[in-house]
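Accompanying notes for the structure given below.
Because only heavy atoms are used, hydrogens play no part in the values below, and waters and symmetry mates are left out as well, while side chains stay in. A, B, ... follow the sequence lines: proteins, then strands. Residue 1 opens every chain.
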Protein chains: 2
Amino acid sequence: MNSSRPVTIKDIARRFRCSPSTVSRALNDHPAINEDTRKNIQEYAKEVGYQRNEVSLSLLNKKTATLGVVVPTIGNYYETAVIEGLHTVLQPLGYTLNICVTNENYLLEKEYLSKLLSNRTEGIFLSVSQETYDAGYYEHLESVIQRKTPLIFIDREYEDFETSRATVDDYHGAFAAVEHLITIGYKNVAHLKGPNGLTVSEQRFKGYRDCLKKYDIAIREELIINTNFQVESAIVPTKRLLDLDSPPDAIFGVNDQVAIGAMRVILDRGLKIPGDIGIVGFDNSPISAYTYPSLTTISRPGRKIGMEASRLFLNQINASGDFAHESIVLPSELIIRESSLRIS
Amino acid sequence: MNSSRPVTIKDIARRFRCSPSTVSRALNDHPAINEDTRKNIQEYAKEVGYQRNEVSLSLLNKKTATLGVVVPTIGNYYETAVIEGLHTVLQPLGYTLNICVTNENYLLEKEYLSKLLSNRTEGIFLSVSQETYDAGYYEHLESVIQRKTPLIFIDREYEDFETSRATVDDYHGAFAAVEHLITIGYKNVAHLKGPNGLTVSEQRFKGYRDCLKKYDIAIREELIINTNFQVESAIVPTKRLLDLDSPPDAIFGVNDQVAIGAMRVILDRGLKIPGDIGIVGFDNSPISAYTYPSLTTISRPGRKIGMEASRLFLNQINASGDFAHESIVLPSELIIRESSLRIS
DNA sequence: ATATCGAATGCAAACGTTTGAAAAAATTTT
DNA sequence: AAAATTTTTTCAAACGTTTGCATTCGATAT
């Protein structure tokens, strides 16, 4: 009962006792078609709700106007901002975005990539999943390369992989965050780190570490605890930090979620923010401006990343022979709010 | 220079001096193919990275295994949870989700729907955009119906439209929220309402209104102010509420974002939550458990909605003649936290 | 009346794959 | 060695659309 066969050009041709070619030309306003014929056919097509089968066109032209966006999650502000940026540039050019969520799962990522290639996707924007990263897998990317489908890394990447990429300067952002805490007078800065192995985690950690070094502050391993980016994952680590004999007087969270979780624990202990403990997050998610206290954070221009990534893709497909991969690194910016503003 | 033509079955056939049929059968493990032939062909195919062209298959079988998900935004927790739910059920069945974000824009919604149909999408999950709703447009849905492509409403819907739908019981959720505030002793409950016209906004508003009625509390128009669901949009309205001669002693926000924005303004004024003012949100977004104070809210099972919507879709395509549209309304649940827990 | 021209339409191939039926090749049975 | 049988392969059509080239059909010019 379902799905009555869609009207095709052939159906219309039969109806008008003419050839499919004529119908096709009529519908596309080809000049060599009689005005009356054209009008009749177009009217009838509209009446019966004809809609051209893009699948057949894709096959004919080897163009699908579809792009894949493969990300570990769309639950956070950053990813959705990136997608919005991609969308802003690419939708007007007629591209459809096929958004694939891997849930940090390597097998799913692999399957999606394979599927995208099978569907003749014209380009892929990828932020690799955690599992993929952990295991160092990258064979599944080879087929993408082999097929010369443009592959653009966004956010999470393999540093030694030969493609274009658009990322945020996590290192200097983290550095600035910690430097801000230190200049304002905090002495013992802890770090709620992201999962090991991911570039974002490691770059931010490196920024943290190098900043302490710059100010000749010894790194205390017990002040560095892992989280998984989720707000819940900050709870126990923060408690552990506060229970130390010599607890930190500031915390740099790998992202806003984690920072907000930490704030909650700190406030529950009756400590003051920023009075007793200063907090800085990362991402500048919309909520960070409205927490209590509001959260000092590092802006992370997701929308811009999406737009830059789009540009990289467009460059690549328009390249005439002399194409070289490009790496865009956008600066991140310190946004000072209440959670770190101790009047010293 | 870009995109070396992908290897086709014909290429392989030429290489083995056999027909495309043989190659096709060999690759699909057809029993009527000689074991050696099969092995040779499969090996070679793997070697040259053959990947079957799903576009041609789609054309042949009139099956694309693609579903459209058209939503106004993916920036909020709820939408991403719904998508996750859809994904959970449909991905294992081989479906690809094509996620389209309309940004509340009618024209974009229309374009996406048309594109999805042209691409022979096998089903569409739709949460209509605000513009669409405001203007009462629905002609663009006619072509979907005409083509008998299953259309499932998620979240935002037209009440008098003949399709399946899976929604959350906004009305009773809102009712429970307000009743909770009243039973705990709050007398003047304000409502930060969502945009006019949207079912979600109106249902929640109705729940608010009817609950007040039940407790014989007069509705004060000045306690009802519109927002656009964003945290920022709650700031000015909340200030206006607090500036009233007789300000409210509780606020029911149309969602958690708005409630969090309101909390911020209230705390800035030096008022206590829940002591002076009680707050309830809606959505049970992950952050709501970790704000300070934590936010009483109404859970909204987005994941379940996605899974139910999937079920509705599957029912529809498997229906044998006697198919009737179904409306699923999932209950929402009051989650009591600090922001409303005044010890009376 | 025939050649010439222009306008309108049709033919056929192509895109990559699958599949029922027919054909060819290899094997077994008489 | 011929016939019967089985195994393996090929043929051809189909999905819906576009497009260069050929064809048809009037009309105009010779």
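Closest approach to the Thr8(A) side chain among dG16(C), dG16(D), dT17(C) is made by dG16(D) (side chain taken as heavy atoms from C-beta onward). The side chain of Asn34(B) lies closest to dT8(D), out of dA14(C), dT8(D), dC15(D). Listed nucleotides dG16(C), dT19(D), dT10(D) differ in distance to Lys10(B); the shortest reach to its side chain belongs to dG16(C). With distances taken from any side-chain atom of Leu57(B) to the nucleotides dT18(C), dC21(D), dC15(C), the minimum falls on dT18(C).
Using a 4.5 Å heavy-atom cutoff, the side chains of Leu116(B) and Cys100(B) are in contact. The closest side-chain heavy-atom distance from Phe313(B) to Leu151(B) is not below 4.5 Å. Contact annotation: the side chain of Asn53(B) approaches that of Arg120(A) to within less than 4.5 Å [non-hydrogen atoms, C-beta and beyond].
We find that CD1 of Ile12(B) is positioned 12 Å from P of dG16(C), with the value rounded to whole Å. Note: CZ (Arg52(B)) to P (dT17(C)) measures 9 Å, nearest angstrom. For the pair Asn53(A) CG and dA14(D) C1', the interatomic distance rounds to 14 Å; values are reported in whole Å. In this structure, Leu117(B) places its CG atom 16 Å from P of dG16(D), rounding to the nearest Å. Nucleotide dT8(D) holds its P atom 10 Å from the CG atom of Asp36(B), rounded to whole Å. Between His30(A) atom NE2 and dA8(C) atom P there is a gap of 12 Å when expressed in whole angstrom units. Between the CD1 atom of Ile9(A) and the P atom of dT9(C) there is a distance of 15 Å, rounded to whole Å. Distance Leu60(B) CG to dC15(C) P: 16 Å, rounded to the nearest Å.
Separation of atoms OG1 (Thr102(A)) and NZ (Lys110(A)) is listed at 14.5 Å; rounding is to 0.5 Å.
One finds no side-chain N or O of Arg120(A) lying less than 4.0 angstrom from the OP1 or OP2 phosphate oxygen of dC15(C). Residue Asn61(A) has no polar side-chain atom (N or O) positioned under 4.0 Å from OP1 or OP2 of dT18(D). Taking side-chain N and O atoms only, Ser19(B) has a distance below 4.0 Å to OP1 or OP2 of dT10(D). At dA8(C), none of the side-chain N or O atoms of Thr22(A) fall inside 4.0 Å of OP1 or OP2 (strictly under the cut-off). In terms of phosphate contacts, Lys63(B) brings no side-chain nitrogen or oxygen within less than 4.0 Å of OP1 or OP2 of dC15(D). Close to dG10(C), at under 4.0 Å from its OP1 or OP2, lies no side-chain N or O of Ser21(A). Residue Lys62(A) places at least one side-chain N or O under 4.0 Å from the OP1 or OP2 atom of dG16(C).
Among the protein residues, Phe16(A) comes within range of no part of the nucleic acid, since none of its heavy atoms lies under 4.0 Å from any strand. Residue Ser58(A) is out of contact with every strand shown, counting any heavy-atom pair closer than 4.0 Å. Using a 4.0 Å heavy-atom cutoff across all strands shown, Arg17(A) reaches sugar-phosphate atoms only and no base atom.
Electrostatic pairing of Asp11(A) and Arg14(A) counts as a salt bridge here, judged by a charged N lying under 4.0 Å from a carboxylate O. A salt bridge links Arg311(B) with Glu308(B): the closest approach of a Lys/Arg side-chain nitrogen to an acidic carboxylate oxygen falls below 4.0 angstrom.
Taking the centre of each ring, Tyr138(A) and Tyr106(A) stay at or above the 6.0 Å mark.
There is no side-chain donor-acceptor pair under 3.5 Å between Ser21(A) and Ser24(A).
One end of the helix from dA1(C)-dT30(D) to dT30(C)-dA1(D) points its axis 80° away from the other end's axis, with each axis taken from 5 pairs and the angle rounded to 10°.
Nearest-nucleotide mapping onto DNA chain D: of Arg25(A) and Val7(A), the residue sitting toward the 5' end is Val7(A).
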